[in-house]
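Small disclaimer: the values here were computed from a predicted structure and weren't measured. Just so it is clear: chains get the letters A, B, ... in the order the sequence lines come, proteins before strands, and each one is counted from 1.
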Number of protein chains: 2
Amino acid sequence: MFELDIRSRTPIYEQLVEKFVELIVTGVLKADEQLPSVRTLATQVTINPNTIQKAYRELEVKGYIYSVKGKGSYVKASEFIQDDSKKVEALAKLDKAIKEALYLGVSPEELLLHIKKQIN
Amino acid sequence: MFELDIRSRTPIYEQLVEKFVELIVTGVLKADEQLPSVRTLATQVTINPNTIQKAYRELEVKGYIYSVKGKGSYVKASEFIQDDSKKVEALAKLDKAIKEALYLGVSPEELLLHIKKQIN
DNA sequence: CTAAGTGTACTATTATGCGTAGTACAGTTA
DNA sequence: TAACTGTACTACGCATAATAGTACACTTAG
């Protein structure tokens, strides 16, 4: 499903969180789609189920998934994340990314073109 | 100069790196401007000089600053970072930020407006 | 009803990385 | 030459990450 970088300084459970967030916001994983179970994914990526559970818990706290004991974990529909503070946080992150790209030599025109391509 | 979050999970030296990058890409720190010395900053923020040195080394590896033994550390002019792989990396980061903002309910119009404001 | 799945939580252990303290060397400059 | 600068090293303690193991509660299909 995806590969983890064991040697990365980023903890394994954080890498999992990042990858699931990416799959969710890009629509690869859709609302109410079931995630692999903690034990199944643990076997697939050869890490401890507790580590998976830690990632799933963080995804739940952040509002990307919901879990039902005995049933599984599911992608949460995005309209349930109508949390303005998360929007603000996302825009702040975007601001940093824009400034960094401009500083590294991406022209404003190139940037806008790139962004428009992303939006459609 | 800036405050560090001792309780953050992000290591102190990484927080330093992030803050310096922010100051550099926003133009607060300009090309060839000298950074505070390792020992001075250590005293200012009350952490060990070795920790500062670790942050400065990472900034240097990433190409944001250069250091001269016996003299000091300076902001590197951005045109010296004409490294296409960094541009690609920056745009990838931007892509993630865009997708996350859209997912969290920011409308494409709102997003474009926001970005245009940032560019000017 | 039961077996096989699911999530969740806990303890204990180990390894790794972070930050510190201390020290020392090499370079610059007034 | 003194006072600054960067750089590098060792050793230590602490916190966190990941693991192994175990167990409980819920769901569901047969």
I'd like a list of close polar pairs between nucleotides 23-30 of chain D and the protein, N/O only, cut-off under 3.5 Å.
{"unit_1": "D:dT27", "atom_1": "O4'", "unit_2": "A:G70", "atom_2": "O", "d": "3.2"}

Checklist outcome for this item: B:S37 meets the side chain to side chain donor-acceptor pair (under 3.5 Å) criterion, sequence neighbours left out, with B:T40

Next on the checklist: Using the side chain to side chain donor-acceptor pair (under 3.5 Å) criterion, which residues pair with B:T46? Sequence neighbours excluded.
Outcome noted: none

Checklist entry - For residues 100-120 of chain A, which residue pairs qualify under salt bridge (Lys or Arg N to Asp or Glu O under 4.0 Å), counting only residues two or more places apart or in two chains? => result A:E100-B:K93

Hey, what are the protein-to-nucleotides 9-13 of chain C N/O distances that come in under 3.5 Å?
{"unit_1": "C:dA9", "atom_1": "N6", "unit_2": "A:N50", "atom_2": "OD1", "d": "3.4"}
{"unit_1": "C:dC10", "atom_1": "N4", "unit_2": "A:N50", "atom_2": "OD1", "d": "3.3"}
{"unit_1": "C:dC10", "atom_1": "N4", "unit_2": "A:N50", "atom_2": "ND2", "d": "3.4"}

Which residues share a side chain to side chain contact (heavy atoms under 4.5 Å, CB included) with [X], sequence neighbours left out:
X: A:L102; result: A:I98, A:P108, A:L111
X: B:K54; result: B:Y13, B:R57
X: A:D32; result: A:Y66
X: B:Q34; result: B:Y74

Next on the checklist: Hydrophobic clusters here meaning ILVMFWY residues chained together by side-chain heavy-atom distances under 4.5 Å, can you tell me if A:V106 and B:I119 are in one?
Outcome noted: yes

Checklist entry - Given axes from five pairs at either end, by how many degrees does the helix from C:dC1-D:dG30 to C:dA30-D:dT1 bend, rounded to 10°? => result 30°

Return no unless some side-chain N or O of [X] is found under 4.0 Å from OP1 or OP2 of [N].
X: B:S73; N: D:dG6; value: yes
X: A:S67; N: C:dT8; value: yes
X: A:N48; N: D:dA18; value: no
X: B:T40; N: D:dC4; value: no
X: A:S37; N: C:dG5; value: no

Next on the checklist: Check the orientation of B:Y103 and A:Y64. Use parallel for under 30°, tilted for 30 to 60°, and perpendicular for over 60°.
Outcome noted: parallel

Checklist entry - At under 4.0 Å between heavy atoms, what does A:S8 touch on the DNA or RNA strands: base, sugar-phosphate, or nothing? => result nothing

Next on the checklist: Just to be sure I understand the rule, does A:T10 reach a base, reach only the sugar-phosphate, or reach nothing, if contact means heavy atoms closer than 4.0 Å?
Outcome noted: nothing

Next on the checklist: If you define the side chain from C-beta out and look only at heavy atoms, does anything of A:K96 sit under 4.5 Å from B:E18?
Outcome noted: no

Item to check | Any A:Y56 side-chain heavy atom under 4.5 Å of A:L41 side chain | outcome: yes

Next on the checklist: Quick test of your reading: applying ring pair (Phe, Tyr, Trp, His ring centres under 6.0 Å), list the pairs with at least one residue in residues 23-55 of chain A, sequence neighbours left out, ordered by first then second residue.
Outcome noted: none

Checklist entry - When you measure from the side chain of B:Q15 to the backbone N and O of B:T10, does any donor-acceptor pair fall under 3.5 Å? => result yes

Pull out every protein N or O sitting under 3.5 Å from an N or O of nucleotides 15-17 of chain D, one pair per line with the distance.
{"unit_1": "D:dA17", "atom_1": "OP1", "unit_2": "A:Y13", "atom_2": "OH", "d": "3.0"}
{"unit_1": "D:dA17", "atom_1": "OP1", "unit_2": "B:R9", "atom_2": "NH1", "d": "2.1"}
{"unit_1": "D:dA17", "atom_1": "OP2", "unit_2": "A:K54", "atom_2": "NZ", "d": "3.4"}

Checklist entry - In whole angstrom, what separates A:I47's CD1 from C:dT14's P? => result 21 Å

